[in-house]
2 protein chains.
Amino acid sequence: MISKKTKYGLLALLALARKYGAGPVQIGDLAEQEGIPKKFLELILLHLKNAGILGSRKGKGGGYFLAKDPAQITMGSAVRVLDGTLAPVPCVSETAYQKCTECDDEESCGIRLVMKDVRDAVANILDNTSVKEVLVRSSDAAKKAKKVIDYSI
Amino acid sequence: MISKKTKYGLLALLALARKYGAGPVQIGDLAEQEGIPKKFLELILLHLKNAGILGSRKGKGGGYFLAKDPAQITMGSAVRVLDGTLAPVPCVSETAYQKCTECDDEESCGIRLVMKDVRDAVANILDNTSVKEVLVRSSDAAKKAKKVIDYSI
DNA sequence: AAGCATGTCTATCGATTTGATAGACTAATA
DNA sequence: TATTAGTCTATCAAATCGATAGACATGCTT
C-alpha cells in the first residue's frame, strides 16, 4: 500500500501537470488546493525536484513546476522516487534490489517467482502510464459523470 | 512492499504445502526450518488458522496443517489475510475498502483510476496462482538449475 | 544594499506500526 | 496425572510515518 507521502506527491504532481506551462506554483498554494500540510509538502516536492521530476525557482515569483512535459513523466518514475520501489519484495526490485537475508536459493524461491510477476505487472502499468494520460482519464471520467447527471435531469 | 510478517506467513504456508498430507507440523520445527522467530510464527499461524487457511491440533502429535488442498489455496487469499489487502490504495480495495478523506470525487480521481488497474493486475496474478502452482514452479526452477550445473561439469 | 518573497536545510517530535518476546493458560494425548 | 503443544494476552524496543519548526540561502525588486 502506498504511503501518504506518495499519495501527496502524486496529487501535487498531477496538480502541477494541470498547470503545466503556467509558471512556478508556490508551495503554499499547492498545499491549500490539495489539502496537504505545507511543511510536509515542502519535503516531498524537494525530493521530487532532487530526482529531476520537478524544477523550482526561489524568490519572488518562485515556486515549483514540472521539469518535463507531462507526457514524458510516468507514474512509475514518480512512485519509485516517492516509495523507493514498485517491487513487492526487495529481491525482485530492478532499481532497489536487495537479497533476502534468509534465502538460500533465489532462483527457485517460489515467493520470489510470483512476486516477480507482480512487480512486472505493476511496472507494466505504471511505466506505461504518463502523468498526461492520468489527467486525460480523470477529465474524461468527470465529463462522463457530468453527462450522466445532465441526462438524469 | 509486503511486510516480514507476510513473507514469513507465505514461507510457512509453502512449507506446510510441501508436507501436505503428512500430519500436523509443530510450530518449533517450522520456525527452525524456515528461520522464523518461533513466538512470532505462533501469532502468524494462528492468524492464518483463524482465517480458515490452516488447521491445527493441540497436544501430543499436535501442530499445524493446511485446511485445504494446496491447489485450492491462492496466494491472493493468503496475502489478503496477512497484509490486509492487495490494493495499493484503500479506495480501490474490494475487501478492505475505505474512502480517501481528502477526496472530493472518487469517480474522476486519476490516482484512483490508475491504482485500480494496478490492484486488478495484482489480483489477477495472485488470485489465479495456487499454493500448489508455486511449489511446482519452485521445484521446476530448482531442477532447471540442477541441469545447468550437471551440464557444466 | 536592503527588503521581501519563497525555496532549502536540518532538526525535532508524537503517534503508530513492526517485529519481536514472554509467561500463564487450555486442550489433547498417553 | 504428566507431558506435549497450541492459545491468550500482555509487553516492549526499534523503526517508520506524518508531521512541525525555525534558521538560512537565493532571487527579485526597489
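Labels below follow one simple rule: chain letters A, B, ... track the order of the sequence lines, proteins then strands, and each chain is numbered from 1.
Between the CG atom of B/L46 and the C1' atom of D/dC8 there is a distance of 8 Å, given to the nearest Å. Per the geometry, CD1 belonging to A/I36 stands 16 Å off C1' belonging to D/dC17, to the nearest Å. Straight-line distance from the CG atom of B/D83 to the C1' atom of C/dT17: 13 Å, rounded to whole Å. Atoms CD (A/E42) and P (D/dA21) sit 11 Å apart, rounded to a whole Å. Straight-line distance from the CZ atom of B/F40 to the P atom of D/dA13: 17 Å, rounded to whole Å. Going from atom CG of B/L82 over to atom C1' of C/dT18 covers 14 Å, rounded to whole Å. The CD1 atom of A/I44 sits 12 Å away from the P atom of D/dC17 (whole-angstrom rounding). At whole-Å resolution of the value, NZ in A/K5 and P in C/dA15 are 22 Å apart.
B/G59 comes within contact range of at least one nucleobase, with a heavy-atom separation under 4.0 Å. Across all strands shown, A/G28 has no heavy atoms under 4.0 Å from either base or sugar-phosphate atoms. Among the heavy atoms of the strands, none lies under 4.0 Å from A/K38.
Tracing side-chain contacts under 4.5 Å through hydrophobic residues (I, L, V, M, F, W, Y), one never reaches B/L113 starting from B/M115; they form parts of separate clusters.
Side-chain proximity of B/P37 to C/dA20, D/dG18, D/dC8: nearest is C/dA20. Residue A/K60 places its side chain closer to C/dA5 than to any other of D/dC8, C/dA5, D/dT4. When distances run from any side-chain atom of A/L43 to the nucleotides C/dC9, C/dT10, C/dA20, the shortest one goes to C/dT10. In this structure, the nucleotide among D/dC28, C/dG7, D/dG18 sitting nearest to the side chain of A/R57 is D/dC28. Checked against C/dG23, D/dG22, C/dA20, the side chain of B/Y8 finds its nearest nucleotide in C/dA20. Comparing C/dA28, C/dA20, D/dA19 by their nearest atom to the side chain of A/K4 picks out D/dA19. Checked against C/dG7, D/dT20, C/dT29, the side chain of A/K39 finds its nearest nucleotide in D/dT20.
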Original post:
Where do A/L43 and A/K39 land on the side chain to side chain contact (heavy atoms under 4.5 Å, CB included) test, with the steps shown first?
Top reply: CA-CA 7 Å; A/L43 301 173; A/K39 296 297 279 184; over 6 Å; no
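Inter-residue side-chain proximity for B/L13 and B/L54 is flagged as met; some heavy-atom pair is nearer than 4.5 Å. Side-chain contact check for B/K68 versus B/I53: every heavy-atom pair is 4.5 Å or farther apart.
Using a 3.5 Å distance cut-off with no hydrogens or angles, the side chains of B/D120 and B/N124 do not pair a donor with an acceptor.
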